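Accompanying notes for the structure given below.
It should be emphasised that the depicted structure is a prediction, and the values quoted were computed from it without experimental measurement.
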There are 2 protein chains.
Amino acid sequence: MLDAAVDAFAERGFGGTSTRDVAVRAGRSPAAVYVHYDSKEALLYAISLEGHMAALDCLKLAYASSEDPAARLHAMVFAFSDWHMENARLARVVQYELHALSKVHRADIVSLRRRFHRVMVGAVRDGIRAGQFQVDDVNGTARALLSLCIDLVRWFDPARGRNSRAIAQLNADLALRMVGDV
Amino acid sequence: MLDAAVDAFAERGFGGTSTRDVAVRAGRSPAAVYVHYDSKEALLYAISLEGHMAALDCLKLAYASSEDPAARLHAMVFAFSDWHMENARLARVVQYELHALSKVHRADIVSLRRRFHRVMVGAVRDGIRAGQFQVDDVNGTARALLSLCIDLVRWFDPARGRNSRAIAQLNADLALRMVGDV
DNA sequence: GATAGAACTAAGCGCCCGCTTAGGTCAACG
DNA sequence: CGTTGACCTAAGCGGGCGCTTAGTTCTATC
């Protein structure tokens with residue numbers, strides 16, 4: 001059911017998807033959606049929450065993968081880029097359908113999203129402290145690094161068979177340049 | 001009418017907007033939409049076409065603003081970033097609602113979008129030829145430079161009063177680092 | 001003042017929307 | 001074997017959807 005909804009929301013957007021679409025994709029009757037979720041919006045929230053947790057785990061894992069600031073940042077941008085391509089449909093829902101959540105649910109998710117930023121800011125500061133990075137605007141640079149990864153969901157299509165490893169590698173290399181790695 | 005539709009589509013997405021929403025925002029009756037446009041999708045196409053032309057003009061103008069490759073790239077990323085913030089609602093429709101267009105209309109727009117990429121690739125090649133930039137993957141780097149600007153529409157909110165000049169300036173500075181400007 | 005044409009609306013058609021209700025099916029358990 | 005409870009569906013309610021039609025209002029031109 002969740003999988004079916006992810007596919008539908010990613011393809012047509014939340015507003016453009018009917019609960020009947022989701023049910024058909026899941027091979028169930030229209031009413032089956034409401035056995036598991038109180039509303040269409042609750043279904044989106046469940047997807048968004050799961051997706052954000054998975055993406056955050058991915059980023060934190062990469063942060064912990066190395067002690068060297070440059071290797072660490074490289075790993076983070078590589079992993080986060082890769083995640084957005086390997087989970088393209090889920091990632092698209094996560095990144096594009098925030099506005100469709102209720103106020104309460106959106107506030108929950110937004111507070112989760114601040115953690116992405118904080119982790120990335122931490123990685124940049126590590127490099128500055130070690131004298132390896134040269135960055136004036138830490139917050140802005142962290143935002144730009146995340147942008148580089150997140151924007152992949154706008155155009156990357158797994159079906160087109162592009163080399164996702166090469167793209168993630170390029171993004172990671174560019175990231176090191178962006179922080180003035182020496 | 002176009003303005004009203006831009007606002008509505010940017011706020012709720014194409015699928016989540018009804019033609020009645022648009023009409024109310026324009027201060028007209030629901031039928032008035034169909035006096036000017038054949039269908040809801042035709043309305044989106046008109047917006048998308050106008051938006052893409054404006055954005056492309058902005059990028060080309062910046063390209064022509066200087067002969068020096070570094071100054072040129074800096075101007076392009078600054079202008080393109082600035083455009084996405086100054087025209088945040090239009091830009092959001094331009095970047096996020098491609099999938100809602102009919103096949104024929106989408107093909108039109110996609111061919112327009114390839115020009116963005118070509119202009120950016122040209123700017124990067126200029127710098128390589130002049131010995132100022134050090135870039136391995138020209139296409140990938142051009143894509144990343146555009147990503148940096150385009151992803152602004154995902155989170156930038158004019159109402160929040162952030163300093164759009166400073167953000168555009170940062171993006172432009174980061175762009176020069178990304179191409180290994182020496 | 002008469003006329004043409006563009007801009008607009010009131011009303012509504014047929015369809016699909018989110019969601020509810022009442023009831024059916026079936027494995028697990030005493 | 002009877003009961004429970006989780007899972008599911010057929011049917012449908014009230015309402016909003018994209019879009020059409022028939023007719024009105026306004027403005028420019030002679």
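Under 4.0 Å is where a charged nitrogen must lie from a carboxylate oxygen, and between A:E11 and A:R25 at least one such pair does. The pair B:K60-B:D57 does not meet the salt-bridge criterion, since no charged nitrogen lies less than 4.0 angstrom from a carboxylate oxygen.
Contact annotation for B:R28: backbone-only contact, meaning every heavy-atom pair under 4.0 Å involves sugar-phosphate atoms and none involves a base.
By the 6.0 Å and 45° rule, A:R92 does not stack over the aromatic ring of A:F9.
When each of B:V94, B:L146, B:L56 is tested with B:R113 by the rule side-chain contact (heavy atoms from CB on, under 4.5 Å), just one qualifies, namely B:V94.
Heavy-atom contacts of chain A under 4.0 Å fall on DNA chain C between two terminal nucleotides, which in 5' to 3' order are C:dC17 to C:dT20.
In terms of modelled atom types and a separation under 3.5 Å, the side chain of A:R106 and the main chain of A:L101 share a donor-acceptor contact. A donor-acceptor pair under 3.5 Å is formed between the side chain of A:D21 and the backbone N or O of A:S18.
Remark: A:H36 is in phosphate contact with D:dC8, judged by side-chain N or O atoms under 4.0 Å from OP1 or OP2. OP1 or OP2 of D:dC17 lies within a sub-4.0 Å distance of a side-chain N or O belonging to B:S18.
With rounding to whole Å, A:R20 atom CZ is found 13 Å from D:dC17 atom C1'.
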